[in-house]
Amino acid sequence: MSDSGESVEDFRHRARGWIAANLGPVQPWDLDQDCADDAAELVAVARDRALQRKLYDGGFAGICFPREYGGLGLSPDHQRAFNEELAGHEFPSRFMVPTFTPCAAILLEFGTPEQKARHIPPILKGDAFWVQMLSEPGGGSDVAGATTAAVRDGDDWILNGSKVWTSRAYWADWGLCLARTDWNVPKHQGLTVFMLPLRQPGIEIRRIERLNGESEACQEFFTDVRIPDSDRVGAVNGGWTVGSRWMFHERMAANSPYVTRPTGLSGGGTRGSPLVAMAATAGRLDDPIARELIGEARALDIVTHSLNRRLAAAAASGTANVDGSAIGRLFHGMAAVRRTTIAFDLAGSDAAAWSEADEAENGAPGMDFLLRQVACIGGGTTEIARNVVSERILGMPREPSGDHGVAFRDVPRGPSR
Amino acid sequence: MWHDLTADQALFRDTTARFLGERVPLARLRENRNDPAGFDPGYWADGAALGWTMPLVDEADGGGSVSGRGTVDLALIAYEFGRHAAPGPLVDCNVVASALSGQPGDLPRAVLDGLIAGTTIATACLGAAPWQEPDVTIRRDGDDFVIDGSVRPVEAAGQAAYLLVSGRSESGGATQLLVPTGEAGVGIRALKGLDVSRRFAAVTFDSVRAPAAALVGDHGRADDQIARQVRHAAVMLSAESVGAMDAAFAMTLDWAFDRYAFGRALASYQALKHRFADMKSWLEASHAISDAAADAVADDTPLAADTASAAKAYIGHHGPELAQECVQMHGGIGVTYEHDLHFFLRRVTLNRLLYGTPADHRRLLAAMQIGRETRA
């Protein structure tokens with residue numbers, strides 16, 4: 001797969017030396033991307049941009065990206081070796097999802113040479129942070145039911161509508177947007193993907209406050225936003241072809257060969273466990289019940305790591321059903337729910353009320369519990385993943401739908417009572 | 001299972017799969033449900049000739065594996081055992097063989113030859129969670145050793161010629177001895193059990209004397225070798241359960257397409273489709289961790305013990321959960337003896353309980369992690 005001829009082991013050796021000389025230890029904000037406030041967030045973003053630039057200048061950005069667009073043109077095995085060497089080190093965590101995947105992955109797959117030449121290098125240099133605009137206020141799981149619409153106007157398109165649950169759009173640079181371009185055909189046949197800069201007239205970005213007060217997610221309102229046709233990604237009304245791959249890359253997330261991320265973050269390494277620290281604080285290290293919970297979480301981490309490797313290897317070999325990523329999405333959601341519950345149980349009644357010092361030391365497992373289901377909602381719900389697994393992997397019959405073969409403008413949109 | 005098997009490994013696996021399909025079809029297991037041994041000695045010897053009991057044995061001792069990574073090759077065989085719910089003491093014979101490999105003296109060599117040929121059965125006598133405080137003591141008395149205590153459940157003790165006995169020594173460290181089952185003071189009492197073909201017993205030792213030549217490893221220093229044996233057992237039991245899970249899942253998926261209710265196939269109901277999707281995710285994760293454990297133990301990586309325990313804990317929990325979901329999907333037929341499903345439910349349930357339950361392995365994982373972090 002590699003055309004540079006550098007073996008994985010030679011590359012690994014070179015990476016090890018560079019990482020040791022240039023990167024510091026992993027930071028708390030690499031592990032948990034939610035910052036205390038916007039000021040802290042913007043500091044973290046600036047640091048991530050600088051870190052991505054450092055990777056680029058060091059010759060380690062875009063390991064699996066083509067060389068003509070500033071990448072290294074190496075194989076997923078090279079990326080995996082780099083990730084293994086990166087274990088325990090800082091990395092530009094905010095750039096990985098959604099910028100490198102799914103956004104850059106989609107640009108590589110569907111972009112014109114001009115689009116790739118224009119957009120991939122700034123991504124690899126840390127100059128451009130991308131977001132994905134899929135969900136809408138009127139529908140989350142039914143992605144192809146998008147009603148945000150673009151109308152042709154000469155060499156341009158005019159975009160109106162709204163997208164929602166866009167992470168970090170308030171400071172991001174560019175976005176990929178799935179829009180309706182034909183209402184007179186069934187829903188999958190009338191969609192087109194565009195890219196657009198987020199800071200321009202006609203785009204209003206509002207923050208969405210979650211129940212814990214944090215507000216990284218945004219909603220965008222588009223009013224007559226002008227998009228040149230040269231910023232269309234893929235064919236007119238070919239948006240579902242792009243969108244299907246888009247969601248594949250989204251489900252691949254950390255397993256994607258485009259993602260630089262230290263091995264061990266998803267478990268399987270020997271990194272310290274917050275649960276052990278929590279049990280130690282509570283004086284429960286010798287409690288067999290606490291130990292069973294710690295061990296269960298540890299087993300879950302190792303299983304997650306093994307499953308990630310299996311899915312990534314299957315995807316890289318090209319032999320696997322591409323919908324295999326849905327198995328990973330479902331597993332990750334359920335495993336995260338269990339991990340959150342384990343920490344909550346381990347904390348006991350301390351999860352009900354806590355001091356600033358407690359939070360600095362052990363986080364806020366009670367608040368994490370309240371937000372537990374985010375892991376099964378964001379990035380495509382686990383219900384949709386279950387549909388994909390059962391229908392496309394196991395071959396079970398599709399759900400009956402009210403929109404099959406119906407022109408999108410005639411599809412019922414409720415309410416039903 | 002593995003994405004990258006060598007041709008030799010695939011042949012090794014496929015030969016065993018064919019052999020099990022011909023020699024021990026489920027109909028045969030049904031007929032032999034009351035056979036006190038649970039398996040025919042001729043079947044076991046013919047299977048051993050395919051290489052079932054040699055992968056963990058050094059070539060110098062007559063062993064060897066097709067890939068050079070015996071643990072992985074053995075996991076392939078164990079997987080097929082699970083898929084066929086096959087009879088025979090695969091796990092214990094291999095655990096004993098691995099313990100005897102490299103041991104000096106005539107006795108270990110003779111037992112090893114018999115194990116590899118399939119003419120001798122030996123069992124590890126390690127009981128439920130062997131790293132916990134055992135009920136067996138082994139003390140030195142002159143040139144001999146004296147064994148007291150009891151252990152259960154012990155697989156195939158009634159069929160075995162030798163027991164690899166583990167016990168606590170005077171120093172507190174573990175000792176392992178190779179003892180003939182006919183030795184004076186050894187009591188073997190058959191127990192009822194879950195599996196159709198696998199037999200268990202309670203074994204008691206009443207001042208059983210063993211000569212110094214029976215010692216496997218060093219007196220009072222066998223804890224590490226026992227931990228290694230448990231890792232091998234965890235890999236085999238996990239791979240076997242994954243095979244049984246695959247079989248149970250496949251027949252249940254077929255059933256979902258064949259069975260109609262209210263004019264529709266079961267497979268068309270979203271409530272059931274979603275449960276199949278959950279099962280599929282458990283199954284993929286079980287494959288992944290089973291393979292990872294075999295790899296880690298084969299290569300003796302720093303995380304071999306963690307990975308093996310993670311496999312035993314995860315598959316030990318999700319194997320029976322998946323099988324019980326399969327029973328539920330079948331409805332009443334799923335709990336009958338007539339249906340094939342119970343062979344696999346029994347196998348994953350039994351495997352969950354041997355060599356440490358999920359709870360035991362979770363506590364072991366926690367102990368390893370806490371140990372590392374409080375040392376650091």
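Note on naming: letters A, B, ... go to the chains in the order of the sequence lines (proteins, then strands), and numbering restarts at 1 for each one.
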Chain A heavy atoms under 4.5 Å from [X]: which part of the residue, side chain, backbone, both or neither?
X        : answer
B:Asp306 : both
B:Ala293 : neither
B:Phe276 : both

Subject >> Among A:Arg16, A:Arg12, A:Arg261, the one residue meeting salt bridge (charged side-chain N to carboxylate O under 4.0 Å, His left out) with A:Glu84 >> reply: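 Testing each of A:Arg16, A:Arg12, A:Arg261 against A:Glu84, the sole residue satisfying salt bridge (charged side-chain N to carboxylate O under 4.0 Å, His left out) is A:Arg12.
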Original post:
Picking from B:Glu284, B:Arg363, B:Arg362, which has the most non-hydrogen pairs under 4.5 angstrom with chain A?
Top reply: B:Arg362
Subject >> Among the listed options B:His274, B:Lys280, B:Met279, the residue most often paired with chain A at heavy-atom distances under 4.5 Å >> reply: B:His274
Original post:
Under a 4.5 Å cut-off applied to non-hydrogen side-chain atoms, are A:Phe344 and A:Asp368 in contact?
Top reply: no
Subject >> Side-chain heavy atoms of A:Pro365 within contact of A:Leu346, under 4.5 Å >> reply: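 A:Pro365 does not reach A:Leu346 side chain to side chain.
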Subject >> Under 4.5 Å from any heavy atom of chain B - which part of A:Arg309 >> reply: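 For A:Arg309, neither part sits under 4.5 Å from chain B.
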**OP:** Measure distances from A:Leu330 to the heavy atoms of chain B and classify the residue's part below 4.5 Å as side chain, backbone, both or neither.
**Re:**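 The side chain, not the backbone.
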Salt bridge or not for [X] and [Y], using N-O below 4.0 Å?
X        : Y        : answer
B:Asp223 : B:Arg168 : yes
A:Arg339 : A:Asp301 : yes
A:Glu250 : A:Arg329 : no

